[in-house]
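Accompanying notes for the structure given below.
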Amino acid sequence: MVWLLTLPFRIFFGLLFGLLLLPFTLLFLPFLLLRAVVKLTLLLVLAPIIAIVTVGALLLAAFALFFVLLLPLLPFALVALVIWAIVRSSRPAYALRN
């Protein structure tokens, strides 16, 4: 409600000071354009670097998540490896009858 009550005053003073400050605004226009050009150049230079770092971080996080989820299965994998090694190293009985 206060915003609506003060709206005519803000419009009046905004236009008044806007017209009074127009020459100063025109003086600062080249600096504003230079600022925009510098920001655009930095964006074009840094955007690919930021994208590469982001993709690398996501890959590293996926790699870590994969191992965190499979870590509880490691004891079972070790038992299976031992059983496989025992079975693999033992010869069947029919191989001894040469």
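FYI, side chains are in, hydrogens and waters are out, and symmetry mates aren't considered; it's all heavy atoms of this structure. Sequential numbering from 1 along the given sequence is applied to the chain's residues. Since the structure is predicted, the reported quantities are computational estimates derived from the model, not experimental observations.
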Give, for atom [atom1] of [X] and atom [atom2] of [Y], the distance between the pair rounded to the nearest 0.5 Å.
{"X": "I11", "Y": "T6", "atom1": "CD1", "atom2": "OG1", "value": "9.5 Å"}
{"X": "T54", "Y": "I50", "atom1": "OG1", "atom2": "CD1", "value": "7.0 Å"}
{"X": "L65", "Y": "L60", "atom1": "CG", "atom2": "CG", "value": "11.5 Å"}
{"X": "L81", "Y": "I86", "atom1": "CG", "atom2": "CD1", "value": "10.0 Å"}

Sub-3.5 Å donor-acceptor pair from the side chain of R88 to the main-chain atoms of I83, do we have one? no

hydrophobic_cluster_shared for [Y] and [X], side chain cutoff 4.5 Å:
{"X": "L20", "Y": "F12", "answer": "yes"}
{"X": "W3", "Y": "L15", "answer": "yes"}
{"X": "V53", "Y": "L59", "answer": "no"}
{"X": "I52", "Y": "I49", "answer": "no"}

Considering residues at least two apart in sequence or located in another chain, which fulfil the side-chain contact (heavy atoms from CB on, under 4.5 Å) criterion with L5? none

Checking L44 now: which residues fulfil side-chain contact (heavy atoms from CB on, under 4.5 Å) with it, not counting sequence neighbours? L40

Going by the rule ring-ring contact (aromatic ring centres under 6.0 Å, His included), which residues pair with F67 if we only count those two or more places apart in sequence or in a different chain? F63

